[in-house]
Amino acid sequence: MKLCLTFDAAKPSKTLIYLLCFLPMQTIPNRMHNQGPSTISPVDADANLVRDRFQRSSTMSSVESDPLQMMSLDTNRCKPNASFIWCLPQDYNQEKHPFTYFHLVNKSLPWDYAFRFVIEEISNINDKSQTMSISMYFAVSWLEPRLKINESATEWTEDRTGPLNQVNESPESLKYIWYPELEIYGLDTFGRQRVLKEMSGVRIIKNKTITYELGVRITISCRMNFDNYPLDAQTCQFQVGSYYDTHETVTCNSHFIYDLDRQRSLQHFIQIEGLPAKYKVLKLPSGTYAACGIQVRFQRKQMQFIVQVYLPSFMFVIVSWVSFLINPHVVPGRMGLLVTLFLVLINIFNSVREQAPISSRLNAIDLYLVVCIFLVFGALMEYAVILFMLKKRRKPFRTIDQGLKHLFPSKTSNGEASQPLRSPSHRENNNPQVNEEDAVYKAKLDLLDVGHTDGTEEKMPEVGLSFRKQALVENIDAWAMWISPPIFVFWNFCYWIAYRPWTNKLLSDNTLLDYVV
């Protein structure tokens with residue numbers, strides 16, 4: 001005989017139960033009473049078949065009309081004169097909380113949940129979404145005083161059924177047993193691990209404790225502060241507790257197992273610890289709840305940022321000081337060097353901003369790049385001041401109108417055109433009357449080209465530039481060369497002392513080098 005369940009598609013709420021009998025039609029059941037099989041006629045066989053169908057129909061009607069009887073067919077309810085390891089009483093109500101029967105085990109409130117977290121690894125830390133993903137085996141245990149335990153059953157001591165004083169059961173058993181309704185605070189996603197079927201199990205302990213364990217991948221939200229990025233350290237709490245019952249009714253305890261050798265390499269140093277006391281109680285608008293879990297602390301690995309961002313920016317600022325040694329008259333070389341360095345630093349800054357998470361203010365790496373850009377920009381402005389001061393030396397001795405008149409003389413008074421444009425020497429040889437402006441211009445040129453009789457040239461002050469300003473132009477590069485390095489060194493000293501990247505923020509007594517080793 002086989003028990004089958006079918007569901008009516010037209011009436012999903014109605015369950016039909018029927019029995020199929022696989023008996024030979026040529027024999028009668030009296031062979032079960034040590035009688036030999038006897039042959040029956042086709043008429044008798046038809047009569048027996050009708051009678052069997054009537055009996056099956058009567059059985060189906062009685063089972064369907066009695067819900068308790070229907071539940072006892074497949075549940076772990078206690079049955080008279082039947083051996084069992086554990087079972088549920090016939091009046092077991094799955095909707096009632098076990099703490100309503102605390103008198104059965106001489107226990108008072110609050111009820112206790114025990115959690116165990118076997119952490120495989122921290123699989124991902126997402127800065128953009130501020131989430132953390134954990135792969136673990138999640139287990140919760142609770143006391144069920146209504147269980148009936150057969151302490152003399154041999155299964156409690158057999159290895160094939162589980163550890164000592166424990167028996168393994170199918171997860172389907174939870175369909176008929178009360179289990180706690182839990183909440184994971186800050187939960188983003190909750191995924192169950194599956195191979196051929198769900199990786200989960202139920203374990204019944206001899207002291208009436210039920211343990212449910214399953215493999216999960218959990219993603220939780222974390223409150224992260226990236227003001228010190230990438231020299232930052234973060235903490236994230238994984239908290240789980242009862243969904244309905246407050247801390248006056250339900251409390252919890254937990255422990256975790258974490259093997260650092262199984263952890264994949266991430267962009268962070270990771271440390272897992274027990275949940276601090278201040279996070280074990282949550283005050284919500286609906287009440288105060290007990291929580292258990294773990295706290296994950298992680299510090300970002302900084303070598304990548306030092307090599308890719310900090311070191312190049314540091315060298316670019318030093319290279320910009322080379323411009324103070326270049327002759328100000330070499331405009332293309334000096335200007336090209338400074339502009340190139342300025343644009344490269346801007347490009348690095350934009351690239352870092354695209355990858356950096358959102359922060360409430362300018363983060364650490366942005367602040368460093370801004371200062372580097374400002375120092376290169378200062379060198380560029382210093383050269384612009386020098387060019388502005390040297391511009392006076394190149395001030396023309398004639399206005400535009402005077403220059404045009406000098407190059408293109410007007411007609412003479414008698415209407416004849418003046419002589420074509422010729423060199424100054426030709427005009428001096430042919431025209432004894434030299435224009436007064438030409439004489440002044442020549443005198444200024446002679447003043448610039450005065451030489452000694454011994455063949456050495458004497459440097460005269462530049463025309464249009466005072467001696468005081470000339471000295472300022474000559475010394476401004478020297479001042480910049482002496483001032484810029486101390487400012488940059490002092491800035492780096494303050495920056496690295498403030499952020500202390502060599503310190504392990506996970507263990508304040510050790511350095512980051514000690515943590516790595």
Side-chain angles (χ1 to χ4, degrees), residues 309 311-352 366-408 424 437-452 456-492:
V309 179
L311 186 59
S313 303
F314 182 86
M315 293 189 297
F316 289 154
V317 173
I318 295 178
V319 171
S320 67
W321 300 342
V322 178
S323 65
F324 302 143
L325 305 176
I326 300 177
N327 192 331
H329 299 282
V330 186
V331 177
R334 184 164 176 174
M335 185 63 71
L337 173 65
L338 293 176
V339 171
T340 301
L341 294 176
F342 183 76
L343 295 178
V344 170
L345 286 175
I346 291 293
N347 187 35
I348 294 177
F349 178 80
N350 292 334
S351 177
V352 169
D366 290 343
L367 180 61
Y368 191 87
L369 288 174
V370 166
V371 173
C372 292
I373 293 173
F374 178 78
L375 291 175
V376 175
F377 180 76
L380 189 60
M381 291 298 99
E382 179 264 350
Y383 185 51
V385 171
I386 292 178
L387 292 180
F388 178 76
M389 299 182 68
L390 292 178
K391 183 179 179 181
K392 295 184 177 180
R393 189 189 64 176
R394 299 191 301 272
K395 183 178 180 180
F397 297 109
R398 297 187 180 93
T399 63
I400 296 179
D401 294 338
Q402 293 174 347
L404 292 175
K405 290 181 181 179
H406 179 74
L407 294 176
F408 305 101
E437 295 179 356
D438 293 341
V440 174
Y441 178 72
K442 183 177 180 181
K444 292 180 178 181
L445 292 177
D446 294 339
L447 183 62
L448 293 174
D449 297 332
V450 175
H452 294 282
T456 61
E457 293 184 357
E458 180 181 0
K459 184 176 180 181
M460 300 300 294
E462 297 177 347
V463 178
L465 199 63
S466 65
F467 288 98
R468 183 178 63 83
K469 291 184 177 181
Q470 175 64 24
L472 181 61
V473 169
E474 292 177 353
N475 292 308
I476 193 169
D477 279 338
W479 294 349
M481 189 65 190
W482 283 102
I483 292 175
S484 296
I487 293 177
F488 190 56
V489 171
F490 178 75
W491 155 250
N492 277 274

Inter-residue atom distance [X].[atom1] - [Y].[atom2], 0.5 Å rounding:
X	Y	atom1	atom2	result
S323	D477	OG	CG	7.5 Å
I373	L380	CD1	CG	13.0 Å
I386	I476	CD1	CD1	5.0 Å

Is there side-chain contact between C372 and F349, with heavy atoms separated by less than 4.5 Å?
-> no
Over all atoms of both residues, closest heavy-atom pair of [X] and [Y]:
X	Y	result
L375	V317	CD1-CG1, 3.9 Å
L338	A379	CD1-O, 3.7 Å
Y368	N492	OH-OD1, 2.8 Å
P312	V309	CD-O, 3.4 Å
S313	L369	OG-CD2, 3.0 Å

Verify side chain to side chain contact (heavy atoms under 4.5 Å, CB included) between M335 and L387, making sure each step is shown before the conclusion.
-> CA-CA 11 Å; M335 185 63 71; L387 292 180; 4.0 Å; yes
Angle class for the F488/W321 ring planes (parallel below 30°, perpendicular above 60°, tilted otherwise)?
-> perpendicular
Is a side-chain donor or acceptor of S484 paired with a backbone partner of M481 at a separation under 3.5 angstrom?
-> no
With sequence neighbours left out, which residue pairs that include part of residues 376-390 fulfil the side chain to side chain donor-acceptor pair (under 3.5 Å) condition?
-> R334-E382
